[in-house]
Amino acid sequence: MSSGAPPDGAAPTTVFAKHGVDITPRRDQGVLKVVKRVGVETERPMIGDKVFVHYTGKLLNGKKFDSSLDRKEPFTFSLGKGQVIKAWDIVVSSMQKGEVCMFLCKPEYAYGAAGSPPKIPPNSTLLFEVELLNFKGEVLTEDGGILRRIKVKGEGFVNPNDGSTVHVHLLGSCAGRVFDSRDVSFVVGEAEDMGVPLGVDRAMEKMQRGECCMLYLKPRYGFGKEGKAEFDVGPNADLVYEVTLKDFQKCKESWEMDVKEKIDVAVKVKQKGTQYFKAGRFHQAVIQYQRIVSLLEMECGLGPEQQQTVNALVLVAQLNLALCHLRLREYAHAVENCNKVIELDGDNEKALYRRGEARLLRNDFSLAIEDFRHVLQVNPSNRAARTQISLCQRKIREHHEQDKRTYANMFQKFAEHDDKVGRLRKRKEDCGGSNENRDLAAKRRHKSQECP
């Protein structure tokens, strides 16, 4: 690909006919590219990557219709997701970080027969200059623990859901060393059973059949603080997995099941969640218990027996979710789960106690005391709740003492500062007075010398 800039003053069509390289998949001359500045020798952006560019767009007559430089703010979009015209997805995927290129694109790769009035007339061939500033993978979780970069786009619009059976090829590596290469099948939400890390499991719901992607996993979504002796992976290791979703059988969605089916599934899922909880796999347990809630939470208007069964399963799932979130130190989620239980059963001892625990650990001592006192109203013999009330009261006293010390130190510093400022001001005033006296004495001596 040419790296020389087109000659000044030359017609764009002439320049690209001579220097341009056709980068369209069909080689139909629809997008011709010329590199003005070569980028850094690194991998190129992949499908789904968030890319940051500066650009200027012109019509063939040289009239500029848009520029991010004029706005002094880079333009950002997700590559290969149809957020921009076809030419942009094609060109930017061919670029390296720091590269500057020009490209000419025919209407079918731009705005087509309709154009984009009033700036871009119908059937316009367009000229762009683009600089690729940076790119990064698609973040799949709020905490940034799973990053995805798509090497090969999948087919269709259907994704695996929790409970689906997936057939994948895995290539796992750590610090450049491949430790896992195999074809494996597992149930989404239960990948742990096959030695597949949580991050790969959680990425499944975003993948399509035939997709090949790179997953960059932080320890929480890899093998955690325990590591994986089987693969000779140490504790708290970052992992990279290349995952190809070869095929999958999707699990029924909740709206496709009748109430009896949902209850049967919920009972099995509950057993799986308990198995994970007892093994200390709290993230995996959360997936199972949350699935019960998703299946049954909205069920209402049933017969008394079915409604009682549904409510009991949802209540247990929420209680177990609260316990998992306590273990994971996700106290806000634990409070939320307990609130759901208390909506169903306002005097639920476990929910009140666990919400009190979560609030205590969030330093919401007064609210925690309210919960533990409510526990004692429900069950006066709950000694643990009495102990927690004493702990909350001690914590409140400690915080008050700490506040007193903090404010005392603060006021002491203010007093010392004021005292220091006062002393400096007095010294300055004293020095000023001495200087004035010396100046007056000097003037008198000078005057006496001038007198005859």
Side-chain angles (χ1 to χ4, degrees), residues 1 23-25 30-59 63-105 107-112 114-120 124 126-154 157 159 199 202-203 205-208 211-218 221 238 240:
M1 193 173 290
I23 60 170
T24 58
V31 182
L32 299 175
K33 175 185 174 184
V34 175
V35 176
K36 291 184 68 177
R37 185 181 75 202
V38 177
V40 180
E41 286 292 337
T42 59
E43 58 187 1
R44 291 174 168 81
M46 295 183 189
I47 299 165
D49 282 2
K50 189 175 184 180
V51 296
F52 303 81
V53 301
H54 265 312
Y55 72 93
T56 299
K58 296 180 180 180
L59 304 176
K63 184 177 180 181
K64 179 171 68 175
F65 59 82
D66 194 15
S67 175
S68 64
L69 294 167
D70 292 344
R71 294 189 293 274
K72 297 179 181 178
E73 184 177 349
F75 176 59
T76 303
F77 67 97
S78 295
L79 189 65
K81 298 290 188 177
Q83 296 179 358
V84 289
I85 59 174
K86 290 180 183 178
W88 272 66
D89 277 334
I90 292 170
V91 171
V92 176
S93 65
S94 75
M95 298 178 71
Q96 296 170 321
K97 184 177 177 180
E99 179 181 319
V100 178
C101 75
M102 298 177 65
F103 64 93
L104 196 73
C105 56
E108 55 267 35
Y109 288 91
Y111 293 96
S116 183
K119 292 185 177 181
I120 301 173
S124 291
L126 304 178
L127 174 66
F128 286 94
E129 180 170 316
V130 176
E131 178 183 6
L132 178 57
L133 303 171
N134 201 2
F135 57 88
K136 59 184 181 182
E138 178 186 8
V139 179
L140 298 188
T141 55
E142 290 182 4
D143 60 7
I146 307 175
L147 208 66
R148 176 175 71 155
R149 307 190 63 218
I150 301 172
K151 293 181 71 174
V152 179
K153 192 173 183 179
F157 302 96
N159 311 94
R202 293 298 83 198
E205 64 181 3
K206 298 286 188 178
M207 294 185 69
Q208 297 166 326
E211 178 180 318
C212 176
C213 69
M214 304 297 297
L215 297 175
Y216 300 84
L217 310 180
K218 292 297 182 185
Y221 295 94
D238 290 344
V240 179

Backbone N or O of L126 within a donor-acceptor pair of the S124 side chain at under 3.5 Å? no
In terms of the angle between their ring planes, are F103 and F128 parallel, tilted or perpendicular, with boundaries placed at 30° and 60°? parallel
Does this structure show an ion pair linking R71 with D66, if we count only N-O contacts that are shorter than 4.0 Å? yes
Does M214 form a side-chain contact (heavy atoms from CB on, under 4.5 Å) with V240? I'd like the steps, not just the answer. CA-CA 7 Å; M214 304 297 297; V240 179; 3.7 Å; yes
Can you tell if the side chain of H54 reaches within under 4.5 Å of the side chain of V100, non-hydrogen atoms only? no
Does the pair E131 and R37 meet the rule for a salt bridge (Lys or Arg N to Asp or Glu O under 4.0 Å), with working shown? CA-CA 9 Å; E131 178 183 6; R37 185 181 75 202; 2.9 Å; yes
Between atom CG of L147 and atom CG of L217, what is the distance when rounded to the nearest 0.5 Å? 9.5 Å
Nearest atoms (heavy-atom pairs only) where P45 meets L79: CB-CD2, 3.6 Å
Interatomic distance, S78 atom OG to I47 atom CD1 [nearest 0.5 angstrom]: 12.0 Å
Salt-bridge criterion met for K81 and D89 (N-O under 4.0 Å): no
Would you tell me whether D143 and Y221 have side-chain atoms, one donor and one acceptor, within less than 3.5 Å of each other? yes
Is there side-chain contact between S94 and K33, with at least one heavy-atom pair below 4.5 Å? yes
NZ/NE/NH1/NH2 to OD/OE distance under 4.0 Å, R149 and E138: no
Sub-4.5 Å side-chain heavy-atom contact between K36 and M102: yes
Can you confirm if the aromatic rings of F75 and Y55 lie within a centre distance of less than 6.0 Å? yes
Heavy-atom side-chain proximity of V53 to L133 below 4.5 angstrom: no
Specify the closest pair of heavy atoms between V31 and T24, including all atoms of both residues, with the distance to one decimal. N-CG2, 3.3 Å
Distance-only side-chain donor-acceptor flag, T76 / K50, under 3.5 Å: no
List the steps and the verdict of salt bridge (Lys or Arg N to Asp or Glu O under 4.0 Å) for K218 and D238. CA-CA 5 Å; K218 292 297 182 185; D238 290 344; 3.8 Å; yes
Okay, side chain of N159, backbone of M207: is any donor-acceptor separation there less than 3.5 Å? yes
Once you round to the nearest 0.5 Å, how far does OH of Y216 lie from CZ of R148? 13.0 Å
Can you confirm whether C101 sits close enough to V91 that some side-chain heavy atom of one is under 4.5 Å from a side-chain heavy atom of the other? yes
4.5 Å side-chain heavy-atom contact, Q96 and V38: yes
May I ask you to test the E211-K206 pair for a side-chain heavy-atom distance under 4.5 Å? no
Do you know the tightest heavy-atom contact between I23 and I90? O-CG2, 3.4 Å
Atom pair CG (D49) and CZ (F77), whose distance is rounded to the nearest 0.5 Å: 10.5 Å
Should the pair K97-E43 be classified as a salt bridge under the 4.0 Å nitrogen-to-oxygen rule? no
Nearest atoms (heavy-atom pairs only) where L69 meets T56: CD1-OG1, 3.8 Å
Rounded to the nearest 0.5 Å, the CZ atom of F65 sits from the CD1 atom of I120 at a distance of 4.0 Å
Determine whether the aromatic ring centres of residues W88 and Y109 are separated by less than 6.0 angstrom. no
C212 SG to M46 CE distance, which is reported to the nearest 0.5 Å: 8.5 Å
Nearest non-hydrogen partners of P117 and A114, listed with the distance: CD-O, 3.8 Å
Measuring only between side-chain heavy atoms, which start at C-beta, is I85 closer than 4.5 Å to Y111? yes
